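These notes are about the structure you will find just below.
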Amino acid sequence: MHRRSHLIYSALALAAGSLLSTPLLAADAWPSKPIRLIVPYPPGGSSDIIARSIGQLISQELKQTVVIDNKPGANGNLGAEFVARAQPDGYTWLLCDLGALAISPSIYTKLSFDPSKDLRGAAMLAYSPHMLVVHPSVQANNLQELVALSKKQDLNFAVTATGSAPHLAGVELARLTGAKWVYVPYKGGVQSVQDTVAGQTQVLMNGMLATYPHVQSGKLKLLGISKNTRMPLIADVPTLAEQGAAGFASGTWQGVVLPAKTPEAVIQKVNQALLTAIRSPEVRSRLTGQGAEVVTMTPAETDQFFKAERQRWRTVVQTANLQLD
């Protein structure tokens, strides 16, 4: 009888130990299959550029295939919801503009997920300031001249998506300077850039990473950047704050988030793989040459950034009275 009891207790103890160790074993075995990296915008934008710059390096680091999957729609919310609803097993990632993601709960009244509750930070990767650019035919060479011109003639301001970070940056810039323009919404940054290059819209704010090549080619005229300080790459270009928009700063903050219940051990491995890739000399050099700065954060710091951005842009949305279904 005693021997039987001992065997039962031993079996129970073994089973309990097995259950307790399962998450650790799962984390140790991760990754054991391909990783799906969701970019919630069309190809060619800042997030897509960064995803394709680091995808192969992540694959080498984790020894698994990384599949980059563009899922555009609803200002990035379609792809974000897909990741929020995915299994929290570490195999579905979202690489996006975290500032834009933080804006969505304030803009969309019927958002079907809550980024703060359904997603968690894995890493911040890069920052790219917004560029204020105009079509070369626009008779303005700085912010003051553009503001003055906007009060004399109609100017169409290309919006990468209604409620996007560049849209709200334009709203805030207009509030600070008194500029007047008509917002023309698009379904992504690429199309808004193309139409401004073609002259169908006259003014644009967009991430430097995706916009600077058109400035270099002379297809767009650069009036200022939205950074707190000037950028060494274009040191002769003044910030918008220098030109009268006191305290103004904005930009795209590219980072990665995963489903909220992803195990901490997996999140830490994802962070390490991402930081190794983004800090590699070849990626850092490529991004710097295109106008992006490698800015990295821990998972906890990424979550804190998201919380602060959500509060900041909530105020702008309320002031502008912007809401969408």
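Note that the structure is a prediction, hence the values are computed from the model and not measured.
Note: L143 CG to T239 OG1 = 10.0 Å, rounded to the nearest 0.5 Å. Note that the CG atom of D154 and the CH2 atom of W181 stand 13.5 Å from one another [nearest 0.5 Å]. Within the model, atoms OG1 of T65 and CZ of R36 stand 14.0 Å from one another, a figure rounded to the nearest 0.5 Å. For the atom pair R314 CZ and E309 CD, the distance stands at 12.0 Å (nearest 0.5 Å). For the atom pair N206 CG and S226 OG, the distance stands at 10.5 Å (nearest 0.5 Å).
For Q243 against L223, the heavy-atom pair with the smallest separation is NE2-O, 2.9 Å. Between T229 and K227, the closest heavy-atom pair is OG1-NZ, 3.0 Å. Annotation for E61 and T276: closest pair OE1-CG2, 3.6 Å, computed over non-hydrogen atoms. Minimum heavy-atom separation, A122 to L274: CB-CD1, 4.4 Å. Closest approach of L149 and V138 over heavy atoms only: CD2-CG1, 3.6 Å. Closest heavy-atom contact between L176 and A245: CD1-CB, 4.3 Å.
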Please test D89 against T262 for side chain to side chain contact (heavy atoms under 4.5 Å, CB included), starting from the C-alpha separation and ending with a verdict.
CA-CA 6 Å; D89 54 12; T262 303; over 6 Å; no
Does the pair T201 and H135 meet the rule for a side chain to side chain contact (heavy atoms under 4.5 Å, CB included), with working shown?
CA-CA 8 Å; T201 49; H135 186 267; over 6 Å; no
Chi angles and distances behind the side chain to side chain contact (heavy atoms under 4.5 Å, CB included) call for F157, V134
CA-CA 9 Å; F157 188 108; V134 296; over 6 Å; no
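Side-chain contact check for L125 versus V294: every heavy-atom pair is 4.5 Å or farther apart. Two residues are said to be in side-chain contact when any heavy atoms from C-beta on lie closer than 4.5 Å; T211 and L220 meet this criterion. A 4.5 Å side-chain heavy-atom check between I35 and W30 finds at least one atom pair inside the cut-off. Looking only at side-chain heavy atoms (C-beta outward), V39 and K71 stay at 4.5 Å or farther from each other. Residues L95 and Q254 have side chains in contact (heavy-atom distance under 4.5 Å, counting atoms from C-beta outward).
With hydrogens and angles left out, the side-chain atoms of S32 and Y91 include a donor and acceptor closer than 3.5 Å. Y41 and N70 share no donor-acceptor pair across their side chains, judged by distance under 3.5 Å alone. Under 3.5 Å, the side chains of N77 and S104 contain a donor-acceptor pair of N or O atoms.
Within 6.0 Å of NZ on K219 lie no more than 12 heavy atoms contributed by other residues, nucleotides or ligands. Residue-environment remark: NZ (K180) stays at or below the threshold of 12 foreign heavy atoms within 6.0 Å. With a 6.0 Å radius and a threshold of 12 heavy atoms from other residues, nucleotides or ligands, E282 has its CD atom above the threshold.
Checking N156, L146, V133 one by one against V203, the side-chain contact (heavy atoms from CB on, under 4.5 Å) holds for a single residue, L146. Among T162, D195, T196, T160, the single residue meeting the side chain to side chain donor-acceptor pair (under 3.5 Å) criterion with Y186 is D195.
Ion pairing of R52 with D48 is present here, as a side-chain N (NZ or NE/NH1/NH2) and a carboxylate O approach within less than 4.0 Å. Salt-bridge formation is not detected for the pair D236/R230: no Lys NZ or Arg NE/NH1/NH2 atom is positioned less than 4.0 Å from an Asp or Glu carboxylate oxygen. A salt bridge is defined here as a Lys NZ or Arg NE, NH1 or NH2 lying under 4.0 Å from an Asp or Glu carboxylate O, and E264 with R120 meets this definition. In this structure, R310 pairs ionically with D114, as a charged nitrogen and a carboxylate oxygen lie closer than 4.0 Å.
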